[in-house]
Amino acid sequence: MEKIKLTIDGMAITADRGKTILEAALDNGIYIPHLCHHQDLAPAAVCRVCLVEVEGRGHTISCRTPVEEGLTISTESDHLNKIRRIPVELIFANHDTDCIACTRNNNCQLQRVASYLGLERDSMDRMRMGNIEKPIDTSNPFFDRNPNRCIYCGICIRTCDEIQNINAIDFASRGYKMTVSTFGDNPIADSRCESCGECVVRCPVGALSPKTTMEPSRSVKSVCTYCGVGCGVELGVRGNSVVSVEGDRDNAVNHGSLCVKGRYGFEFINHRERIRKPLIKKNGKFEESTWDEALDLVAKKFREYGKEKVAVFSSAKCSNEDNYVIQKFTRAVLGTNSIDHCARL
Amino acid sequence: MLAIGTNTTKAHPVIALQLKAASRNGTRLIVANPKEIVLSRHAEIVMQQKPGTDVVLLMAMMKVIVDENLQDQQFINERTENFDEFKKSLNTFGIEYAEKITGVPGETIIEAARTFATTKPASIFYAMGITQHSHGTDNVIAVSNLALLTGNIGKPGTGVNPLRGQNNVQGACDMGALPNVYTGYQRVDNPDVKKKFETAWGVELNGKNGLTHTEIFDDAYNGKIKAIYMVGENPILSEANAHHVREAIEKLGFFVAQDIFMTETSILADVILPGASFAEKDGTVTNTERRVQRMHRAIKPVGDSKPDWWIAAEIAKRMGGKGFEYAGAEEIFSEITSLTPSYQGISYGRLEHGGLQWPCPTTEHPGTPILHTEKFPREGGKGKFMPLVYRESAELADKDYPLILTTDRSLYHYHTSTMTRKVEGLELLDSEELLIINPEDAGKYGISSGDMVVITSRRGDVRSKAKVSGECPPGVISMTFHFAETPTNDITNPALDPVAKIPETKVSAVKIRKVV
Ligand code: SF4
Ligand code: SF4
C-alpha cells in the first residue's frame, strides 16, 4: 500500500493512499469530532461536524476528502468550533437528554462531541421546537427504536442498505418531523427487517438499543452454534451466564457480521429447561440420578446387547473432538461401524 | 454466480451478505429455485423450475452452451475426461423439452446458459434444494458437469460450493461419524487403514461398513438393532416419514439420548445424559468451507452437564475401553491430527491466530482455501464428465395428490428448533408453521391467509395455518419442519437417493383441504 505523508496540527503522519483525512487522523490517535462517519460505511458527509481547515483550501469536510501528499491540516480553531457547534446544538435542542436512563451513557458519540465543543444553553433553548415527543417503536423483540434520541446520522439506514442489502428503513419527512421510518411507517416488526441487529450495533447513540443490556465482565471467542457458515462470535460473560454476543471482527468468515440467530439466539444456553442431571426412566417416569448410576447402567446394557446390536448417532451440532471420541467408542469398544449422524437433512 | 436450490438469505444469512454484496458490485447473479426467494430480488436472471427438475434445467443449459460452442475447450482438453460421452447425453435435453418439464421459459434458460458461460470467473452455490431428492446425486453431478464444462474449478472466484446445514456437519463427516470411513475419509474396508487404526487404538477393528442412519432405523424396526445411543439429534422432527422413526425407537430394548434439552425424541429414552452446550466447552468445529475454528469455553457446564466427549469416554472406560483417558479437548485434537493427514498441520496453538482450511498437511502449511487447483482427487487426476438421464421424483403430482409439497427454512429458527424456540424473541418473530400457497391454488380450495388447512400425503396428515403468497408457483406448496405442533416430516417422502441415502424431503405429492 502506498504511503502518503501529511501534517495534522503540526504533527507529521503517514497514511495509506485512499484513506480520508478523518480516517488518517483517527488511525493516528487524533480525535476530530464526527457523528455520521462509520468505518464500515461509505462517507455520507451529512453531519458537518468533522470540518477541518486545509492550508490553501479553507474549510474541508474531513470524512470525504482523501489524503494527499503534503497536505497541511489543522483540526482546531475558534472559528471551526463555532461552525461545528451549530448542527450539534440543533440536534441537542430536541434530544431526549435523560442520559442516565440511556443504554449508551458514557459510550455515546453525541456526548463526546458535545463535551468536545461545549454547547451553549441559550442557543439551544432558542432552537428547541416545543415538546415534540415521538412514539418509541418497541415492536421488535430484540431492540427498541427511540426516535427522540436519533441524531439523523443515517448510519442505521446505510448499514441496512450497504452491508445488509435489505433496505428496511429510510428517512421520512423533513425538518423537525424527520424520522427514520419503515415502508408505510409500520412498526419495524411488520417491515422487511430481518432483525440482524447490525444497525443496532452501529448506532452511535442510544436511539437503537437492545432490549436486554447487561454489561459483560469478560468476553470469550467462540463460533456460532447454528449454521454451517461458522461465524466468529465473542460471547459476553457475566458470572456464569452468557449475557451478550458480538460478531468477531477479526474472524475471516464473517468480519463481525452476524444474523439474528447468531446475535440474539443465545438465551437457550442458560435456559431453565436445560437438562441438569442424568435421568433414568423408572416405571415410565424420568428420575434424576448420579453420573455413576447412569453411566454404569448404559455400559451394562450395551455390553449385554453386544456387537452388531447397538448403533450410534453422533451429532453435527457437536464439536470435532466430541465426534471423534464418539466414533472411536463405537468402533473400538462397541465393535461396529454402525455410526451415522442426521446431517443429510 | 449461480445459486441453485439454496434459500441462502434464510439458511446461511452471512454467506447471503457476501452474495448480495457481490451482486451490488456488479457480479451477475442467476437464481434457480422453485420458490421466489429474497435472493431473487438481487438477481439478474431468475428461474423457478418445478421441484425435482434440476437435472433437466442444468442439462438444458449445458446443451445451449455446447451448441453455441461457449464451453471452455482448453480446460476440457487438459483437465477432464469423458466429454464426448457426456456430450451425447445432452441430446435429449432440447429447449422445448426443458421448458415443458421445468416450467421455465426457454428464452430464460438460454439467457442463463449464455450469461453463465460467458462471465468468468463463475461459481455455483447449492444447498439442500439440490441434495434432498431421490436423485440428489444426479443433481450434484449435473452441477459439477456445469462447472467442468465452463472451466470454473480450482481458480479464485470459481468452484462448486455446497452450503452445509448444521454448524458442524463438515466436521462430523471429517471425524468419521459415518458408517464407512474413519477420520479424514479413510475407508473402514481398506486393510491398511484398518491396520493403522488398530495399531493406534490397540484393539481389533471391524472391517465391514456399518449401517446408515435410515438403515439403522429400519433394522431397529425389524428387531435387528436392539439399542441406540443418540447424541444431539431429534430425528422425530427432522427425518422424512417420522412415524416410522418413532415406531422403530419404540421397539428398541434400550435407548440412550444425550442432549441439552428434552426433545420429541429424547422423551422416548430409557436414559438421558445431559450434554454441555457449545459455550461450555473447548473444542473445534469445521465450517462449510472446511475451515477448522476454535471454540473457547466461556462458562462452566450448566448444572451437572458434561462435554459430549467426556460422556462417551466414560461409557467406553466402563466397558473396558482403553485409550479414553483424555485430560481435555486439546489432547483429543492431537490424537485426531496424528491419525488424519488432512488435519495433520493444525494445532490449537495455530488456531489461536484464526481458522485453517484443510487440507493442511504440515505445521507450516497455510491451509487450502481452493481445492482442485491442479488436479482432481481421482486416478489420473482428471475431472470426469458424467452423462445423465432425467429421473423423475419418486412421487409426482397426480389425480389423488395434485400438489407438490417442498420444504424450506425460516430465518428465525434452526432445524428442529430445539435451541431457537427457547429464545423468546425468535419465538415471537416466528411462532407457528405457515403453509405457503399460491393465490391461484388458494382460490381453487377457497383458502385465505390464516385459514387452517389439513395437508395429506400417502404417509399421513398434518395441520397448518395457510399464508397465501406468490412465493410459491401454482401447483407447489411449501412448509418448514421447525415446529413440533406441525410435524411436517410425518408426511414427507422417505424415498432415498441410492448413493447418498438422502431422503426426498423436497418433493412429496399431497392433497389439501381447508378445515371448516
Ligand atoms: S435489524 Fe438489520 S434488517 Fe433490521 S433495520 Fe437493522 S440493519 Fe436493517
Ligand atoms: S450468525 Fe447466522 S449466518 Fe453466522 S453461523 Fe450463526 S446462524 Fe450462521
Side-chain angles (χ1 to χ4, degrees), chain A residues 141-142 165 220-223 225-226 228-231 235 237 240 242 254 257 259 265 267-269 271 274-281 294-295 298-299 301 305 309-327 329 332-333 335 337-338 340-345, chain B residues 12-15 20 164 166 168-169 171-172 175-177 179 188 201 203 210-211 213 216 225-227 229-233 238 254 270-272 274 277-279 283-285 287-288 293 295-296 298-299 302-304 308-309 312 314 316 318-319 321 329 332 336 414 419 422-423 425 428 502:
Chain A
F142 300 112
N165 277 287
V220 180
K221 281 191 197 255
S222 190
V223 182
T225 191
Y226 286 107
V229 178
C231 295
L235 302 175
V237 181
N240 209 31
V242 175
N254 57 322
S257 292
C259 78
E267 234 173 71
F268 78 90
I269 297 170
H271 197 273
R274 279 285 298 274
I275 307 172
R276 286 179 157 71
K277 292 241 182 249
L279 303 171
I280 299 177
K281 201 179 262 167
L295 293 167
V298 172
K301 285 286 190 179
Y305 285 113
K309 294 264 185 287
V310 186
V312 177
F313 283 92
S314 196
S315 171
K317 283 204 295 268
C318 292
S319 70
N320 291 332
E321 290 76 2
D322 294 331
N323 275 291
Y324 175 79
V325 175
I326 292 166
Q327 62 91 35
F329 160 66
V333 180
N337 287 309
S338 293
D340 207 346
H341 58 279
C342 299
R344 300 188 165 103
L345 300 166
Chain B
H12 300 94
V14 169
I15 286 186
K20 289 189 285 187
R164 317 291 314 244
Q166 306 217 38
N168 202 27
V169 187
M175 290 305 109
V188 298
W201 292 347
V203 288
L211 304 171
H213 80 288
I216 293 174
I225 289 286
K226 295 285 186 204
Y229 174 36
M230 177 160 312
V231 183
E233 297 281 1
S238 66
F254 191 63
D270 297 293
V271 176
I272 300 182
S277 85
F278 82 108
T284 58
V285 282
N287 81 350
T288 181
Q293 303 195 90
M295 307 188 295
H296 294 87
I299 54 173
V302 166
D304 261 351
D308 294 289
W309 64 260
E314 280 303 310
R318 279 158 216 256
M319 292 180 71
I332 304 170
I336 296 170
Y414 180 69
M419 298 183 292
K422 300 288 187 304
V423 179
L428 278 171
I502 301 178

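Every chain is numbered from 1, with letters handed out A, B, ... down the list of sequences. In what follows, every heavy atom counts, from backbone to side chain, and hydrogens, waters and symmetry copies are set aside. Computed from a predicted model, the values in this text were never measured in an experiment.
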Can you tell if the side chain of A/Asn320 reaches within under 4.5 Å of the side chain of B/Asn168, non-hydrogen atoms only? yes

Tell me if a side-chain donor or acceptor on B/His12 pairs with a main-chain N or O of A/Val229 at a distance below 3.5 Å. no

With chain A, which of B/Thr284, B/Asp304, B/Val271 has the greatest number of heavy-atom pairs at distances under 4.5 Å? B/Thr284

Between B/Ala177, B/Ala329, B/Gly210, B/Gly232, which has the largest tally of heavy atom pairs under 4.5 Å with chain A? B/Ala177

Check for a donor-acceptor pair, side chain of B/Asp270 on one end and backbone N or O of A/Lys281 on the other, with a separation under 3.5 Å. no

Mind running side chain to side chain contact (heavy atoms under 4.5 Å, CB included) on A/Arg274 and B/Ser277 for me, showing each step along the way? CA-CA 10 Å; A/Arg274 279 285 298 274; B/Ser277 85; 3.7 Å; yes

Taking all heavy atoms of A/Ser319 and all of B/Met295, pick out the closest pair and write down the distance. CB-CE, 3.9 Å

Under the side-chain hydrogen bond (donor to acceptor under 3.5 Å, both in side chains) rule, collect the residues that match up with B/Glu314, sequence neighbours excluded. B/Lys317, B/Arg318

Can you name the nearest heavy-atom pair linking B/Phe278 to A/Ile269, along with the distance? CE2-CD1, 3.8 Å

Is it the side chain or the backbone of B/Val203 that comes within 4.5 Å of chain A heavy atoms, both, or neither? side chain

Test A/Val223 against B/Asn287 for side chain to side chain contact (heavy atoms under 4.5 Å, CB included), laying out the working first. CA-CA 10 Å; A/Val223 182; B/Asn287 81 350; over 6 Å; no

Shortest non-hydrogen contact between B/Glu233 and A/Ser314, atoms and distance: OE2-O, 3.3 Å

Chain A interface, residue from B/Ala312, B/Gly303, B/Pro274 that has the most non-hydrogen pairs under 4.5 Å: B/Pro274

Among A/Val310, A/Leu279, A/Leu235, who wins on heavy-atom pairs under 4.5 Å with chain B? A/Leu279

Pick whichever of B/Thr288, B/Ile272, B/Ile332 has the most heavy-atom pairs under 4.5 Å with chain A. B/Ile272

Among A/Ala332, A/Ser315, A/Cys231, which residue has the highest count of heavy-atom pairs closer than 4.5 Å to chain B? A/Ser315

Greatest number of non-hydrogen atom pairs under 4.5 angstrom with chain B, of A/Val333, A/Val325, A/Asn323, A/Asn165, falls to A/Asn165

Engaged part of A/Tyr305 at the chain B interface, taking heavy atoms whose separation is under 4.5 Å: side chain

Atom of B/His296, atom of A/Lys221 and distance for their closest heavy-atom approach: ND1-O, 2.9 Å

Among B/Gly283, B/Pro13, B/Gly171, B/Ala316, which has the most heavy-atom pairs under 4.5 Å with chain A? B/Ala316

Are A/Ile326 and B/Val231 side-chain neighbours, meaning at least one heavy-atom pair lies under 4.5 Å? yes

Most heavy-atom pairs under 4.5 angstrom with chain B, which of A/Gly335, A/Pro278, A/Cys259? A/Pro278

Counting only N and O atoms by type, is there a donor-acceptor contact under 3.5 Å from the side chain of A/Ser338 to the main-chain atoms of B/Leu211? yes

Region of A/Val237 in contact with chain B, defined by heavy-atom distances below 4.5 Å: side chain

Using non-hydrogen atoms and a 4.5 Å limit, figure out which bit of B/Val285 sits close to chain A: side chain, backbone, both or neither. both

Among the listed options B/Gly321, B/Ala298, B/Ala279, the residue most often paired with chain A at heavy-atom distances under 4.5 Å: B/Ala298

With sequence neighbours excluded, tell me which residues meet ring pair (Phe, Tyr, Trp, His ring centres under 6.0 Å) with A/Phe268. none

Please report the shortest heavy-atom distance between B/Ile336 and A/Glu321, naming the atom on each side. CD1-CA, 4.2 Å

Which region of A/Tyr324, side chain (C-beta onward) or backbone (N, CA, C, O), has a non-hydrogen atom less than 4.5 Å from a non-hydrogen atom of chain B, or is it both or neither? both

Tell me, for A/Val220 versus chain B, whether the close heavy atoms (under 4.5 Å) come from the side chain, the backbone, both or neither. side chain

Checking heavy atoms, do the side chain of B/Ile15, its backbone, both or neither come under 4.5 Å from chain A? both

